[in-house]
Structures are given as structure tokens and as C-alpha cells.
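None of the values given here were measured: they were computed from a predicted structure. Below, chains carry the letters A, B, ... as their sequence lines are ordered, and counting in each starts from 1. Computation of the quantities below employed the complete heavy-atom set of this structure, encompassing side-chain atoms and omitting hydrogens, waters and symmetry-equivalent molecules.
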Amino acid sequence: KNEVEQSPQNLTAQEGEFITINCSYSVGISALHWLQQHPGGGIVSLFMLSSGKKKHGRLIATINIQEKHSSLHITASHPRDSAVYICAVRGFGNEKLTFGTGTRLTIIP
Amino acid sequence: DTAVSQTPKYLVTQMGNDKSIKCEQNLGHDTMYWYKQDSKKFLKIMFSYNNKELIINETVPNRFSPKSPDKAHLNLHINSLELGDSAVYFCASSQDLAGGGLRGYTFGSGTRLTVV
């Protein structure tokens with residue numbers, strides 16, 4: 001079992017819908033990252049969280065440390081949001097990132 | 001001006017050959033990484049360097065040898081390439097070992113290696 005689990009694996013939605021992607025992890029962490037991998041392959045860092053909530057444009061990321069769970073929300077989704085969203089965690093005193101398997105999001109116009 | 005650039009973007013080579021992938025960052029970051037993404041799109045850390053010093057070496061065959069001539073460069077040399085080495089290799093950098101800084105991790109565009 002992977003230390004970092006994401007759900008759903010695949011998500012297809014209509015333009016304008018509110019999107020939620022979930023990430024659960026089984027180890028203590030010092031930080032959690034959300035990444036976006038575009039269809040062309042490039043990877044962009046979206047958020048780094050250690051507690052609470054962060055917002056950037058239409059993207060919102062939350063984390064609950066006690067429940068070992070994070071969510072990534074996209075409001076007013078758009079076809080350009082179509083990508084693979086990857087959750088990654090970093091443990092205490094451990095500089096490496098452990099990645100989830102990703103959630104493939106497709107937004108239909 | 002590309003922040004993390006890696007070359008080449010595509011590499012097709014025969015089994016048994018030796019090849020190198022180069023990575024350079026112009027962000028002034030202290031820490032650089034190599035990640036491997038397999039055919040199922042799963043990312044895994046291979047190496048990390050902080051100020052030219054090897055920090056993480058994750059159970060990678062010793063055919064893979066990273067080299068960091070300075071903190072802006074982290075190259076990956078692979079000896080005796082095998083079919084199973086086919087993957088996309090991503091270079092990344094961060095301000096420090098904690099992956100912090102304004103931009104968190106910054107990734108290169110990837111090198112798709114195909115071993116035939």
C-alpha cells in the first residue's frame with residue numbers, strides 16, 4: 001500500500017463544476033505539496049501546506065494534520081485545468097518527497 | 001528565461017550504451033533533485049544534492065551516477081543502459097532542503113529516455 005493515496009484516480013467534469021481531489025497519507029509529515037502535471041508533461045508546484053488552508057486564484061488547498069488528509073479544490077473549473085494533480089508529502093527530518101499516484105482531471109467544455 | 005532547464009528533451013539509445021542528462025537552474029536554489037517517472041506516471045525520488053553535497057540516494061542502481069559541479073548544475077550519468085531504464089526523468093530544485101521558498105519545488109520539463 002502506497003504511503004500516499006489519492007482519490008479519485010480519474011475525474012471527468014463539465015466546465016464550471018466545483019472539483020475536489022483528495023489525498024490521504026499514512027505517515028507523520030512536515031509538509032504536503034500539490035503539483036500539477038500538464039498534458040505536455042511539465043510539472044508545476046501549486047501549493048505547499050503544513051496546516052490550514054491556502055488559496056491561489058480558483059485553487060484552494062486544505063490540510064487536516066490530525067486526520068492525515070488534504071483536499072485540492074478547483075472552483076469554476078475550465079478545460080485548461082485538465083491535467084494530472086499529484087499530492088506529495090515530506091516526512092520529519094526527511095528531505096525526500098513521497099508521491100501519490102495522481103488524479104487525472106478532464107474538464108469538458 | 002527557463003528556471004530549470006534539462007537537456008536533452010528526448011533521448012533514444014540502445015541497450016548497453018552510456019548516456020548523460022544535464023540540468024541547470026538559474027534560481028539561486030541550494031537544493032537539486034532527480035526524479036524518475038515510470039510508465040504509470042508514478043514519480044519517485046532518485047537523488048538530491050544540497051550545495052553540491054549528496055543528501056538522498058534512493059536505492060538506485062549504481063549504474064546511475066549524479067554529478068554536481070556547482071550548486072546550479074546536477075547532471076545524471078547512466079552506464080550500461082537497460083530496457084527498464086526507459087522513463088521520463090525530471091530535474092527539480094528548491095530553495096533549501098525543506099522544499100521551501102516562494103516557489104516550492106521548480107521542475108524541469110523532463111527528459112524522455114527510451115532504451116531500445
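In this structure, A:Q9 places its CD atom where only 12 or fewer heavy-atom neighbours from other residues, nucleotides or ligands lie under 6.0 Å away. In the displayed structure, B:K22 atom NZ is contacted under 6.0 Å by at most 12 heavy atoms of other residues, nucleotides or ligands.
A continuous path of hydrophobic side-chain contacts links B:I45 to B:F107 [ILVMFWY only; heavy atoms under 4.5 Å]. A continuous path of ILVMFWY side-chain contacts below 4.5 Å connects A:F99 to A:V84, so both sit in one hydrophobic cluster. A:I86 and A:L105 fall into different hydrophobic clusters, where Ile, Leu, Val, Met, Phe, Trp and Tyr side chains are chained together by heavy-atom contacts under 4.5 Å.
Between the CG atom of A:L97 and the NZ atom of B:K44 there is a distance of 13.5 Å, given to the nearest 0.5 Å. For the atom pair B:K41 NZ and A:T101 OG1, the distance stands at 13.5 Å (nearest 0.5 Å). To the nearest 0.5 Å, the span separating OG on B:S94 from NE2 on A:H33 amounts to 8.0 Å.
The side-chain heavy atoms of A:I43 and B:L43, taken from C-beta on, include a pair separated by under 4.5 Å.
If you measure heavy-atom distances from A:L35 to chain B, the contacts under 4.5 Å come from the side chain alone.
The two atoms that bring A:S45 and B:Y105 nearest to each other are CB-O, 3.1 Å, heavy atoms only.
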